[in-house]
Structure formats: structure tokens, C-alpha cells
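Along the sequence shown, the residues carry numbers beginning at 1.
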Amino acid sequence: MAGELGRTLLGRTGNPTRFPTAGAFAQYAGTAPIEIASADRARHRLSRRGDRQLNAALHTVAITQIRMPGTRGHAYYQAKLTEGKTPREAQRCLMGATESGNA
């Protein structure tokens with residue numbers, strides 16, 4: 001599974017230098033958050049645009065990290081839950097951190 005996942009990430013991304021910022025890559029991958037405002041509460045959701053195969057691969061990486069205690073991704077996820085994020089919001093944060101290499 002790991003080999004196929006790695007091929008998907010590399011194949012769908014191509015040359016990473018073509019993305020000038022982490023935000024540009026997030027938009028390409030479909031992991032850039034979109035603000036949804038309703039009444040007095042602003043929330044974020046993930047874009048439905050972008051490369052869906054790349055997004056699915058990043059999702060698999062995030063879920064694997066969440067399920068493996070002792071990994072940086074698991075610690076990051078737990079920290080976001082401690083901050084008061086919902087599990088889904090914490091997962092979105094992890095997906096964004098995974099693509100930028102912070103988790």
C-alpha cells in the first residue's frame with residue numbers, strides 16, 4: 001500500500017517547485033479551507049475542487065497518522081482536539097499540515 005500511495009503522491013504532484021507557496025499546493029490538492037459563514041459563526045470546510053486522487057492520497061496519510069500513536073501526526077491531531085477543534089476540523093488541519101510537511 002505504501003508504494004502505491006507514494007507513487008500517487010509523486011505522480012499527481014509532479015515537480016513540486018511549480019507551486020510557489022504551500023497555499024498554491026493546497027488549492028491544487030483540494031485541501032485549502034473555504035470559509036463558510038452563517039449568522040455569527042464562521043466555519044471552514046475543504047474545497048471540492050482540486051485533484052481528487054491527490055486529495056484521497058493525502059486523506060489516507062492523515063487517517064494513518066491519526067491511528068498510529070507516537071507519530072508526529074497523531075500528536076498534532078491530539079493537540080488540535082485539545083484546542084477545542086472537532087475531530088473533523090482536527091483532521092482537516094492535519095491534512096493541511098501533512099501537505100506542507102509540518103506533521
Side-chain angles (χ1 to χ4, degrees):
M1 174 78 173
E4 182 178 333
L5 187 60
R7 282 191 297 274
T8 300
L9 289 171
L10 289 173
R12 302 302 299 181
T13 302
N15 184 357
T17 60
R18 68 189 178 123
F19 304 107
T21 64
F25 179 73
Q27 278 194 306
Y28 176 77
T31 59
I34 297 174
E35 186 171 319
I36 304 296
S38 175
D40 60 341
R41 181 173 172 150
R43 301 180 58 195
H44 292 89
R45 69 168 180 83
L46 291 181
S47 169
R48 292 189 178 103
R49 301 181 74 174
D51 188 322
R52 304 316 302 156
Q53 290 179 346
L54 179 57
N55 186 286
L58 290 169
H59 174 78
T60 301
V61 170
I63 294 299
T64 302
Q65 288 183 351
I66 289 169
R67 293 180 179 174
M68 296 184 68
T71 62
R72 289 185 342 184
H74 182 79
Y76 183 87
Y77 177 78
Q78 292 300 325
K80 291 299 177 181
L81 291 176
T82 303
E83 290 177 10
K85 302 259 187 216
T86 67
R88 182 169 259 170
E89 290 170 334
Q91 179 185 336
R92 287 184 195 124
C93 291
L94 178 59
M95 284 181 67
T98 299
E99 71 189 21
S100 64
N102 293 332

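Atom NE2 of His59 is separated from atom OG1 of Thr64 by 9.0 Å, given to the nearest 0.5 angstrom. One distance of note links CD of Glu89 with CD of Glu83; it measures 10.5 Å at 0.5 Å rounding. Going from atom CZ of Arg49 over to atom CD1 of Ile34 covers 8.5 Å, rounded to the nearest 0.5 Å. In this structure, NZ in Lys80 is found 10.0 Å from CG in Leu94, a value given to the nearest 0.5 Å.
Ile66 is listed as a side-chain neighbour of Gln91, based on a closest heavy-atom distance under 4.5 Å. Between Val61 and Met95 the shortest side-chain heavy-atom distance does not fall below 4.5 Å. Residues Tyr77 and Cys93 are not in side-chain contact: their nearest non-hydrogen atoms beyond the backbone lie 4.5 Å or more apart. Residues Phe25 and Pro16 have side chains not in contact (no heavy-atom distance under 4.5 Å, counting atoms from C-beta outward).
For residues 15-29, the set of pairs meeting the salt bridge (Lys or Arg N to Asp or Glu O under 4.0 Å) definition, not counting sequence neighbours, is empty.
Thr71 places a side-chain N or O within 3.5 Å of a backbone atom of Met68 that can act as its donor or acceptor partner. Side-chain N or O atoms of Thr8 include none that pairs as donor or acceptor with a backbone N or O of Ala57 at under 3.5 Å. In this structure, Gln27 contributes its side chain and Ala24 its backbone to no donor-acceptor pair below 3.5 Å. In this structure a side-chain-to-backbone donor-acceptor pair under 3.5 Å is present from Thr60 to Ala56.
Atom CZ of Arg52 is surrounded by more than 12 heavy atoms from other residues, nucleotides or ligands within 6.0 Å.
Contact detail for Ala29 and Leu58: the closest heavy-atom pair is CB-CD1, 3.9 Å.
Linking ILVMFWY side-chain heavy atoms closer than 4.5 Å, directly or via other members, places Ile63 and Tyr76 in a single hydrophobic cluster.
With sequence neighbours left out, Arg12 forms a salt bridge (charged side-chain N to carboxylate O under 4.0 Å, His left out) with Asp51.
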